[in-house]
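Heads up: the structure comes next, in structure tokens.
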Amino acid sequence: MDVLRCRGLRKEFGGQAVLDSLDLTVAEHQVVALIGASGSGKSTLLRCVNLLEELHDGTIELDGEEISAPGVDPDKVRRRIGMVFQAYNLFPHLSVLDNVTLAPRRVHRRARVEAEAHARELLDRMGLGAKADAFPDRLSGGQQQRVAIVRALANSPRLLLLDEVTSALDPELVGEVLTMIRDLKADGLTMVLATHEMSFARDVADQVCFLDGGRVLEAGPPQQVLGQPTRPRTQQFLSRIIEAGRL
Amino acid sequence: MSTSAHVLSPAQRARVAYRRRQTVLSVLIAAASTAAVGTLLAVAVTGAPGWERVRQTFLDPQIARDALPRVLTGLWLNVRLLVCCAVAALLLGLLIAVLRTLRGPIFFPIRALATSYTYVFRGLPLIIVLYVLTLGAPGLRLQGMPSVLVLGGAALVLTYSGYLAEVFRAGIESVHPSQLAAARSLGLTYRQTMRHVVLPQAVRRVAPPLLNDIVALQKDVGLVALAGPIDAVRAAQIATAQTFNYTPYIVAGVLFVLLAIPLIAVTDRVTLRAARRQSGG
């Protein structure tokens, strides 16, 4: 069964097409990695799927339901899709626990006690139990990003979108976040992640999509796309990555 | 940590000793220059040809003692009015700032109204608002018209909420769009995002300028005296008119400063804390 189906997506910024008739299908329990140069449309695609950006054409289906249709309440759609950002975007005025319980309490109307018990359980499982009462500015970047992931998970999303979640981290902190994402894959969570970590994409993704000029230029299993790319643009991009020592 | 076990090197001991000498020296210099400036000022003022006259008309201890109770009664009115007006103006200002941020065509009239409100009441001199409300409004002879004091307070609230709304709006706009994206991505509605994510951060950030405006309001509440109620300055004026001595004004002035000190101290502390938070402390 397909969790996400994007057909002919188009998004423009100031007349410039950032997404150009882009198609993408994500099956249940699948992890799809989006790779490509800066400006290739990875982040824009994720923001469009979460309805944070207005589409200029195309349709998006979540579990077979068209969420890009007029009249669909975006707030209700976003409850079913989790999103994690490059810069964590934790709420600085709230403790870790309050960051995690905000949506369950306000959006899903769970009782405080129930929401907090669930949040503590999630934080414990992710090794963040001791930080529940700390404020975000007391955490390392890696810890903040893991809290942001837990915050998205607290909504029990059908689909998790990860937008270059390790790009802002110091190299020694990347590992803990990637380990967590690996665990989520083992739990069967459906994920789409934009990333610059090619070895991680090879390791964790079921499918790698190379984005170029707002389209999926090449897609397939990681060994194929990262190992034997057929398109010259993909080969060029990957050779630059290898030169930079990132693959 | 094992700081107690650490033995300072001769280089560090020399630095510590040097710093201590420097500290003693700067304290001595500060004391000496303060004494010098103070003495000069005292000599210049008390040595002035008209000093005796000024001292009699502005600094008469007996008249000060006599005027104090009446000025204090007036000051009590200032304090009560300040508290009520500050609370009301903060709430109204916040409301107007939030209304100005509403999006969507349905809210156009509300947005336009809130915007014109801040334009009109920041542009209009407070005294004119006061006169229109306290002298004009009762002239309508409507049933249940509130007292002049309430009307005067309303004029203060109208004017100050215009300023405070702009301070709140600056705070709301200073919250980074990524915070909104994060909140919306969790499924929070626009209202929930405002209430739980944007406003708490915005208010914390603009607390120092808000308090600064409240310090200014503290002095302006006295203007209701123009419409009749007797505040501290008005009480001093009446006392002055009876004795032909200006000492009651000095009494009122000193009381105002004393009243402002706690508020200013709070403002400074909040500012300091905000600055520390900003620098990521």
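Predicted, not measured: the structure shown is a model, and the values here were computed from it. In the text below, chain A, chain B and the rest are named by the order of the sequence lines, each starting its count at 1.
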#### Entry: B:Q22 atom CD: more than 12 heavy-atom contacts under 6.0 Å
yes
### Heavy-atom closest pair, residues B:S178 and A:N89
O-ND2, 3.0 Å
### Query
Which bit of B:Q179 comes within less than 4.5 Å of chain A, counting heavy atoms only: side chain, backbone, both or neither?
both
### Query
Counting heavy-atom pairs under 4.5 Å to chain B, which of A:M83, A:R78, A:K76 comes out on top?
A:R78
### Query
Between A:H93 (side chain) and B:R204 (backbone), is there a donor-acceptor pair under 3.5 Å?
no
### Derivation of the side-chain contact (heavy atoms from CB on, under 4.5 Å) call for B:T189 and A:V107
CA-CA 8 Å; B:T189 62; A:V107 177; over 6 Å; no
### Message
Tell me whether B:Y119 at atom OH has more than 12 heavy atoms from other residues, nucleotides or ligands lying less than 6.0 Å away.
### Response
no
### Task
Report, as yes or no, whether the 6.0 Å neighbourhood of atom CZ on B:R269 holds more than 12 heavy atoms from other residues, nucleotides or ligands.
no
### Partners passing ring-ring contact (aromatic ring centres under 6.0 Å, His included) against B:F121 (at least two apart in sequence or in another chain)
B:Y117
### Query
What closest approach, in Å, do B:Q192 and A:R109 show between heavy atoms, and which atom pair accounts for it?
NE2-NH2, 3.5 Å
### Task
Please look at A:L161 and chain B and tell me whether the side chain, the backbone, both or neither of the residue comes under 4.5 angstrom of a heavy atom of that chain.
neither
#### Entry: Region of A:F91 that comes under 4.5 Å of a non-hydrogen atom in chain B
both
### Query
With respect to chain B, which residue among A:H108, A:R106, A:R151 yields the maximal number of heavy-atom pairs within a distance under 4.5 Å?
A:R106
## Note on the structure
Only residue of A:I81, A:N99, A:N155 satisfying side chain to side chain contact (heavy atoms under 4.5 Å, CB included) with B:L186 is A:N155
### Over 12 foreign heavy atoms within 6.0 Å of NZ, A:K131
no
### Query
When you look at CD of A:E54, are more than 12 heavy atoms from neighbouring residues, nucleotides or ligands closer to it than 6.0 Å?
no
### Message
Could you check whether atom CZ of B:R13 has more than 12 heavy atoms from other residues, nucleotides or ligands sitting under 6.0 Å from it?
### Response
yes
### Summary
Honestly, the part of A:R80 sitting under 4.5 Å from a heavy atom of chain B is neither
### Message
Surrounding CZ of B:R80 (heavy atoms of other residues, nucleotides or ligands, distance under 6.0 Å), is the total greater than 12?
### Response
yes
### For the student: nearest non-hydrogen atoms of A:F85 and B:S185, plus distance
CE1-OG, 3.8 Å
